[in-house]
Protein chains: 2
Amino acid sequence: MVRNPERRAALVDAAIEVLARDGARGLTFRAVDAAAGVPGGTASNYFTSRDDLLAQVTGQIHQRIAPDPDEVAEVMAAPRSRALVVDLMRWINRRVTENRTGYLAMLELRLEATRRPELQAELTRVMRATLDDDIGFHLESGLPGDRTAVLLTYLAMTGLMLEQLTLPGVVPTEETDGLIEALVDRTIGPEGTSE
Amino acid sequence: MVRNPERRAALVDAAIEVLARDGARGLTFRAVDAAAGVPGGTASNYFTSRDDLLAQVTGQIHQRIAPDPDEVAEVMAAPRSRALVVDLMRWINRRVTENRTGYLAMLELRLEATRRPELQAELTRVMRATLDDDIGFHLESGLPGDRTAVLLTYLAMTGLMLEQLTLPGVVPTEETDGLIEALVDRTIGPEGTSE
DNA sequence: GTTGTAGTACTCTGGGCGTAGTGGTTGCAA
DNA sequence: TTGCAACCACTACGCCCAGAGTACTACAAC
């Protein structure tokens, strides 16, 4: 078992690429080798099995999806208002299209998790933690909207993400901005009257 | 090219099964043969290619997912109120767990559509039609809530579906009923004041 | 000089695919 | 009723290729 951290990370990154481009069907050691631009057989030396590879992908992908703290700070440098929440959601939505690969790979992982209990357990752990963080962040940073509002927004944004990634023609892009605004407006409800 | 309608339908059904169980990775002619309980090589005689198979799956799957008109009528035999919308959404949600296979296969198809333009076009057509129907049905049947409300509800239900199918531990089942109620309540907003 | 990793090239294996060939069934016509 | 034709189910076979693993060489670091 060879261990060169950068190379291993590069391979995992390549695996994410392959996952997004060719799906779970295309994810083979050879494909990872090719995508990483390393000689055939290399992935065999770094991962004991496909499961092992998937596990390592799981560990790395949320770093790839996770927002840049600086960017968050930039967006959050504004008074706490509904408009800010709208900005946040639009920003998240933009990140999905800009980091299409990462989010698509995540979807593939979700589907794969359906058949691999350990993967499901690990992914659930990661996603729960992320969601809890999001809720905590929202409530503690003084943004309008209660826990339920955050959850509903999360679900709707998840749905929107799925639509945009897989069948962008169903909910037209022109509508998304308006939908996000309406989403925030309605889920936060009348009591969230900051600003 | 053999054509025996029932057998062909059985094969497509088996393909849906395989798609849900083993994912796109596991969807091969041989696996379909096995799942349908027919001799190896049969699927080869019924479908010219994997693409062809996927196309026929697309055509059949929405029939499998489509609600039974009788059931709809049963649920709709109540005064037009928010509570009825909540019932409807809960009913839809229940159908997802009861017809897990169909919805999971649908998700796999969505992912596959990412790499197959014709499949994407066809799926988009189907989903758009379904969504338009849903919107039309909602507005014409006198249920409270405008077009935006329906769209937002659709998105959130899609997100909820994805969560429940792939990572049921992230949004706990105990919360879903409450979330659905809150979803309807908030998306419909104050103007939807029937009952 | 020793150790560990990159790179090359090879073989092996299995899965999947298509199809040829066979036998059975149905429908039709004489 | 018998003979014929068309069609389809089923078995079995051979081909092919992608993927995996690994032995071997080359090299760099220490």
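- We find that A/E108 and B/R25 are not joined by a salt bridge, their nearest charged nitrogen and carboxylate oxygen being 4.0 Å or further apart.
- Following rounding to the nearest Å, A/R50 (CZ) and D/dG19 (P) show an atom-to-atom distance of 11 Å.
- Between B/E112 and B/R116 there is a salt bridge, with a side-chain nitrogen of the basic residue lying less than 4.0 Å from a carboxylate oxygen of the acidic one.
- Atom CZ of A/R90 sits about 8.5 Å away from atom OG1 of A/T176, to the nearest 0.5 Å.
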### Message
Test side chain to side chain contact (heavy atoms under 4.5 Å, CB included) on B/D13 and B/R64; report intermediate values, then the result.
### Response
CA-CA 9 Å; B/D13 234 45; B/R64 187 157 167 163; 3.3 Å; yes
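- Side-chain atoms of A/Q164 and A/Y103 include no donor-acceptor pair closer than 3.5 Å.
- A pairwise comparison of heavy atoms in A/L53 and A/A15 identifies CD1-CB, 3.9 Å as the closest pair.
- Residue A/Y46 is in sugar-phosphate contact alone, with no base atom involved, counting any heavy-atom pair closer than 4.0 Å across all strands shown.
- Remark: the A/R115 side chain and the A/Q120 side chain contain no N/O donor-acceptor pair separated by less than 3.5 Å.
- Against DNA chain C, the stretch residues 23-31 of chain B makes heavy-atom approaches under 4.0 Å through B/T28, B/F29, B/R30.
- Regarding A/D52, its CG atom lies at a distance of 15 Å from the C1' atom of D/dA20, rounded to whole Å.
- A/D33 places its CG atom 15 Å from the P atom of D/dT22, with the value rounded to the nearest Å.
- Remark: A/S44 is not in phosphate contact with D/dA20, judged by side-chain N or O atoms under 4.0 Å from OP1 or OP2.
- To the nearest 0.5 Å, the span separating CG on B/L54 from CD on B/E122 amounts to 12.0 Å.
- First and last contacting nucleotides of DNA chain C toward chain B (any atom under 4.0 angstrom from a heavy atom, 5' to 3' order): C/dG16 to C/dT19.
- Remark: B/R8 qualifies as a cation-pi partner of B/F47 under the 6.0 Å distance and 45° angle criteria applied to the six-membered ring.
- Place B/T42 and A/G40 on DNA chain D by their nearest nucleotides, and B/T42 ends up nearer the 5' end.
- Remark: B/R7 is in phosphate contact with D/dA9, judged by side-chain N or O atoms under 4.0 Å from OP1 or OP2.
- Rounded to whole Å, atom P of D/dC8 lies 12 Å from atom CD of B/E6.
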